[in-house]
Trainee: 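The structure is given below, and queries will be raised subsequently.
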Amino acid sequence: MRPLFCAVLALAAVTPVFSQAPKPAPPAAPAVPGALNIQQETEALINAANALFVEAKYQEALAKLAVAKKNLNNKPFENILFIEGACHYNLNDYPKAIESLEAYVKEFPQGSALVDVRMALGRSYIASKKEDKGIEVLTDVVRDSPEKKAEAGLIIADTLNKQDKKEEALKILTNVLADGIRSAESIQAAMLAANIYVGSGKLDEATTLMDKVRNFASGGDSIAQMNNIYLKLGDEMMEKKAYKEALGAYQLVRKKAEISRIQAEQVAKLEVQLKTAKGVRKDEIETKVKANKEIMAEIEKRSDYDASLYYRLGRCYYEMGAVTDIGPGDPSRLWQAILAFEVVVKDFKQFAQRDKCMYGLIMVNASLKRIKESREQCEQFIESFPDSEMVGEVSMMFGMLAYQNKQPKEAIAAWKKAMSFPKADKERLSFLIGSVLFEMQSFDESRMTYELLLQEFPTTTYKDDLQYRIALTYFYQNDSKSVTKALKTYMKDNPKGQFVVDARYRLAFIDFQSGDKKAAETELLSIAKDAPNDQNVGQVHALLGDIYNQRADYANAMIQFEFAVDKAKTDDVLTYAMDQLTDLYVGGSKWKELAAMWQRYYNTHKNNEDLALKAVLWISRSNIKEGKVEEAKKLLASEIKGRIPIVANQQVEGLIQQLVSISAPKRRRASAAPTTPPADGAKPAEAAPAAELTFEDVEKQIEELLTPPQAAMNGTAQMRILFAKAWLAKVMKMPDKAEKYLTIIVEVAKPDDLSPMLLNIVGDSARKKGDLEKATACYTRLRDLFKDSEFSDGAPVGLAEIAFEKGDNDKALELFRDALNNYPGSSHVLDATQGEAKTLVKLKKYDEAKKIFEQVANTKEWRGHATANALRMLGEIEALQGKHEAAIAYFQRVFIAHQRWKDEMAKAYLQCTKSFQVLGKLDEAKKTLQEMVDRKDLEGQPEMKEAQKLLPTL
């Protein structure tokens, strides 16, 4: 029987064993006395050794062979050398195996077992750390015995791979796989190649190979090894942030129960085959059964097998669902992540990375804005994993979730609670608490928190920040003495601190505010020289610009604001500096400089619709001033037409007004006399006047310039075109026509189609016309959707006026105060102030109302109609309290000193008359009323009819 070499391939290439030695032919007996007995004895010994070898009793087999060799005077015999080499090989005694196998190759170069012997010899060299010799022998086997190409090539490649000769190993494996994946060896070769590809980052190549393996080998001996490769492949893809591809790899990994089932089925099949197998086949099957059972036992030991996979899947789902720099993810993936992480948290209590899965649940729920669930899980995490390395981070998140949900008080309470958590980072928690208090403008509490932190952690890494923030708390409380001391302490303790320039700037600002402009200027110039590239130097130049502006040194002011624009690092500083510089350029007629500045701004803010159009507005104004009217018209029309359907863009109306203003015809001057004298006796020719552009001519031009393509035409575009026509009528001094178009807008416009500016205009017009439903809809939309708009302050005032007209005074007062408190710098601040005061009158809170009206009357910036109204209302307050003498004095001030405001005059005359009546001074009452009735300028006032009816009764 020909000796066979059996290899078992499972999980990784396993060192093969010789399964059975051939039956030895009787050796030639030596010519000695009693030769027949020795020959029989020797033959019996060799047969016994062969039987012992088959039973894997290798030491006993070697003992029998030793006696046989002695009987044969140690002469080489093929079968003896083969069995001897095989026994040593299977006993892992590779030096002795090499000795016997080398002797076999030397003595029997044509031996029947030569191929198997050379295979074993090559393996023995490799096992003895003589890899080069082993590779050389196995390479000869591949050359001489093509049927062993896959088996020998796999061993060579595995050896090269272990020597970190990846490229050489891949060349061998590619050669092995050239004939396709059709055998156990080729499957092993493909998986080894895939492993190498994964390790070298060639994930596409690895995936392609594993797809071929999966199509050919769906289970059996290779399943566990395939799982390992898919896990590695997924991990590498995860590392490269290729989450979709990683997920695909992980989804090909079989669960523990499935592997166990497949392995059990494989064992069952093999055991059925074993019942009828004999000889070499039986040995092969027994070896496979043993290997499969070992795999099953190894898998059963892995209690975390599935948990590890669910953890990986959860990570993939989370990363695919989370918001990134390139945009939002797929929210459905976040719910899948929750399911995967929950399996581990609930079902695998002993999994080493269970805390990471719990952390994953916190992050996923936070991404889904499930703040309540996420915070509950933070507490559960801290309770369940007090020793986790992530406890500190979870403690931070416990409050950060509330902070991100705009619940600063809840965040502070959470962080204070987190202070008691194990491993809590008290230093960082205190800093966060103080910082949120600072943001809430609770400066005393914030300062106390910072000072306690410095006391407890004097060498804290936050020291620079803390000292500076402490100084800022004084700054924002206008405590100049304390802030000066704190800033100087900060600069002394932190000469190279990150806020030194800002500290110096604030000290200069304090000097500026206190009136010491020279000291402020000196320090600011010094800062600009010392730190020309500091992130805060923009505001330094801006303050210098303010100083020069106040001195009317406009040339230097312009230079400093130019520096501020160039070096500004924040939008606030940039906007302020550009606004100031715009005024200076306009005042100095520097239109080219103005256009260039706004052009640069436009180039860097193209993606922000409102800011880009603000730049266009100023560029076009500059063009107009330089006489480039047609260029300005083209620019404006181009920018408007592309944006006219966009309802949220609040700058469009401003551009429309600009375009209409330069398109409307200017008033003509008288024609000049002709310069060429007429021929003798001829009548002087009159210059033919240019055709006067009518409203309809310009209206048509404007409509053509503004109308977008039909596909873009919507309700918003239509309303803006109507607004343009109304504005044209106003510019051309056609108030009736302007009112007509405005009425159309009010009547047909839907609030959803109106921009912030038009919502404000239509809301006010509808309210004044008595259409409170439409006005309310406009104001509500303006308030809810465009809170950041420059026109949004009109919403609370408009809604308050509606509530006032309906007699809901409590609601009106709330809304007027909302406008005053939550819209700083509002253009409607006077309306809101007057509204608050008149509502207080209705609520009979006369003292509060009186204070406000006195404030209005005495505010220089509000002089005019507001003054007249305030004086009249002060008179009304006195009259309502029965103080008619005082009331009369106020009313008389109105119609004597504020005659420009006819509506207030008429009301004051009538109310003054009524106060005289109450006092019984009928002559004064009649005289006052007669004076009112005689005034022609008050004839159109609604109070005149009442006065005319009242006069005959006095």
Side-chain angles (χ1 to χ4, degrees), residues 767-768 770 800-810 812-813 816 830-859 862-954:
R767 176 171 59 81
K768 291 170 184 176
E801 292 288 2
I802 290 172
F804 183 82
E805 288 180 36
K806 290 181 176 180
D808 189 351
N809 296 313
D810 289 330
L813 184 62
F816 280 128
L830 174 57
D831 297 331
T833 303
Q834 290 175 307
E836 180 187 19
K838 72 181 180 181
T839 308
L840 287 168
V841 171
K842 289 289 185 183
L843 292 169
K844 298 183 179 180
K845 298 181 178 181
Y846 300 126
D847 290 342
E848 292 181 58
K850 186 175 181 179
K851 286 180 181 178
I852 296 173
F853 278 124
E854 286 174 344
Q855 175 194 345
V856 173
N858 294 322
T859 299
W862 290 343
R863 283 181 183 171
H865 186 275
T867 309
N869 172 265
L871 291 171
R872 182 183 62 78
M873 288 301 299
L874 285 167
E876 188 172 321
I877 290 169
E878 298 292 359
L880 287 169
Q881 297 180 91
K883 301 175 183 178
H884 291 283
E885 291 288 355
I888 289 168
Y890 281 117
F891 294 141
Q892 288 177 335
R893 283 178 64 185
V894 174
F895 58 72
I896 293 172
H898 298 276
Q899 295 191 21
R900 182 179 175 186
W901 316 108
K902 309 305 179 185
D903 58 333
E904 294 297 338
M905 279 182 66
K907 291 183 179 71
Y909 267 123
L910 193 58
Q911 289 173 327
C912 185
T913 300
K914 291 178 180 180
S915 286
F916 277 131
Q917 277 186 293
V918 172
L919 292 171
K921 297 181 178 181
L922 298 181
D923 288 341
E924 286 87 344
K926 186 174 182 178
K927 181 181 177 183
T928 301
L929 199 58
Q930 186 65 56
E931 184 179 323
M932 174 184 177
V933 170
D934 290 343
R935 291 192 66 124
K936 301 297 183 183
D937 58 348
L938 298 180
E939 286 180 354
Q941 298 300 319
E943 288 79 13
M944 185 62 80
K945 289 183 180 180
E946 185 179 350
Q948 290 169 344
K949 288 181 182 180
L950 181 59
L951 185 59
T953 66
L954 295 176

Trainee: For a quick test of reading the model, state the closest non-hydrogen atom pair linking Val856 to Ala866 and the distance between them.
Mentor: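 Heavy atoms only, the tightest pair is CG1-O, 3.8 Å.
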Trainee: Do you know which two heavy atoms are closest between Phe895 and Cys912, and how far apart they sit?
Mentor: CE2-CB, 4.0 Å
Trainee: Closest approach of Val841 and Ala849, non-hydrogen atoms and distance?
Mentor: CG2-CB, 3.6 Å
Trainee: Rounded to the nearest 0.5 Å, how far does CD of Glu848 lie from CD1 of Ile877?
Mentor: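 Going from the CD1 atom of Ile877 to the CD atom of Glu848 covers 11.0 Å.
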Trainee: Is Glu805 atom CD crowded by more than 12 heavy atoms from other residues, nucleotides or ligands, each under 6.0 Å away?
Mentor: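 Yes, enclosed.
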Trainee: If we ignore hydrogens and angles and just use 3.5 Å, is the side chain of Asn858 paired with the main-chain N or O of Glu854 as donor and acceptor?
Mentor: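 A pair under 3.5 Å: yes.
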Trainee: Rounded to the nearest 0.5 Å, how far does CD1 of Ile852 lie from CE of Met873?
Mentor: 11.0 Å
Trainee: Work out which heavy atom in Tyr890 is nearest to a heavy atom in Leu871; give both atom names and the distance.
Mentor: CB-O, 3.3 Å
Trainee: Side chains of Leu938 and Tyr909: closer than 4.5 Å at any heavy-atom pair?
Mentor: yes
Trainee: Heavy-atom distance under 4.5 Å between the side chains of Asp810 and Leu843, does that happen here?
Mentor: yes
Trainee: Are side-chain N/O atoms of Arg935 and Gln899 paired as donor and acceptor at under 3.5 Å?
Mentor: yes
Trainee: Got a salt bridge between Glu904 and Lys907, using NZ or NE/NH1/NH2 to carboxylate O under 4.0 Å?
Mentor: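 Salt bridge flag = no for Lys907 with Glu904.
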Trainee: Nearest 0.5 angstrom please: Lys842 NZ to Asp808 CG, how far?
Mentor: 13.5 Å
Trainee: Measure across Ala906 and Glu943 and return the closest heavy-atom pair with its distance rounded to 0.1 Å.
Mentor: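 Heavy atoms of Ala906 and Glu943 come nearest at CB-OE1, 3.6 Å.
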Trainee: Within the 3.5 Å criterion, strictly below it, is a donor on Asp934 or Gln930 matched to an acceptor on the partner's side chain?
Mentor: yes
Trainee: Strictly below 4.0 Å, N to O, side chains only: are Glu876 and Arg872 in salt-bridge contact?
Mentor: yes
Trainee: Do Glu801 and Lys838 meet the salt-bridge criterion of a basic N to acidic O distance under 4.0 Å?
Mentor: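 Judged by the 4.0 Å cut-off on N to carboxylate O distance, Lys838 and Glu801 do form a salt bridge.
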Trainee: Would you sort out whether Thr913 and Met932 count as a side chain to side chain contact (heavy atoms under 4.5 Å, CB included), showing the intermediate values?
Mentor: CA-CA 10 Å; Thr913 300; Met932 174 184 177; 6.0 Å; no
Trainee: Give, for atom CG of Leu951 and atom OG1 of Thr953, the distance between the pair rounded to the nearest 0.5 Å.
Mentor: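 Between atom CG of Leu951 and atom OG1 of Thr953 there are 7.5 Å.
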Trainee: How about Lys844 and Leu880: do any of their side-chain heavy atoms sit closer than 4.5 Å?
Mentor: no
Trainee: Rounded to the nearest 0.5 Å, how far does CD1 of Ile888 lie from CD of Glu924?
Mentor: 8.0 Å
Trainee: Find out whether Lys850 and Glu878 are in side-chain contact, i.e. whether some heavy atom of one side chain is under 4.5 Å from a heavy atom of the other.
Mentor: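 Lys850 vs Glu878: side chains touch.
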Trainee: By side-chain contact (heavy atoms from CB on, under 4.5 Å), which residues pair with Ala812, not counting sequence neighbours?
Mentor: Ala803, Phe804, Phe816, Thr839
Trainee: Which pair of heavy atoms, one from Ala868 and one from His898, lies closest together, and at what distance?
Mentor: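 In terms of heavy atoms, the two residues are closest at CB-CB, 3.9 Å.
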Trainee: With rounding to the nearest 0.5 angstrom, report the NZ to CG distance, Lys902 to Asp937.
Mentor: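 Rounded to the nearest 0.5 Å, the NZ-CG separation comes to 4.0 Å.
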Trainee: Do the non-hydrogen side-chain atoms of Leu910 and Leu929 ever get within less than 4.5 Å of each other?
Mentor: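 Yes; the side chains approach each other to less than 4.5 Å.
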Trainee: Going by heavy atoms in the side chains, are Leu830 and Thr859 under 4.5 Å from each other?
Mentor: no
Trainee: Is any side-chain heavy atom of Phe916 less than 4.5 Å from a side-chain heavy atom of Asp923?
Mentor: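 Heavy-atom side-chain distance check fails, nothing below 4.5 Å.
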Trainee: Verify salt bridge (Lys or Arg N to Asp or Glu O under 4.0 Å) between Glu939 and Lys936, making sure each step is shown before the conclusion.
Mentor: CA-CA 5 Å; Glu939 286 180 354; Lys936 301 297 183 183; 3.7 Å; yes
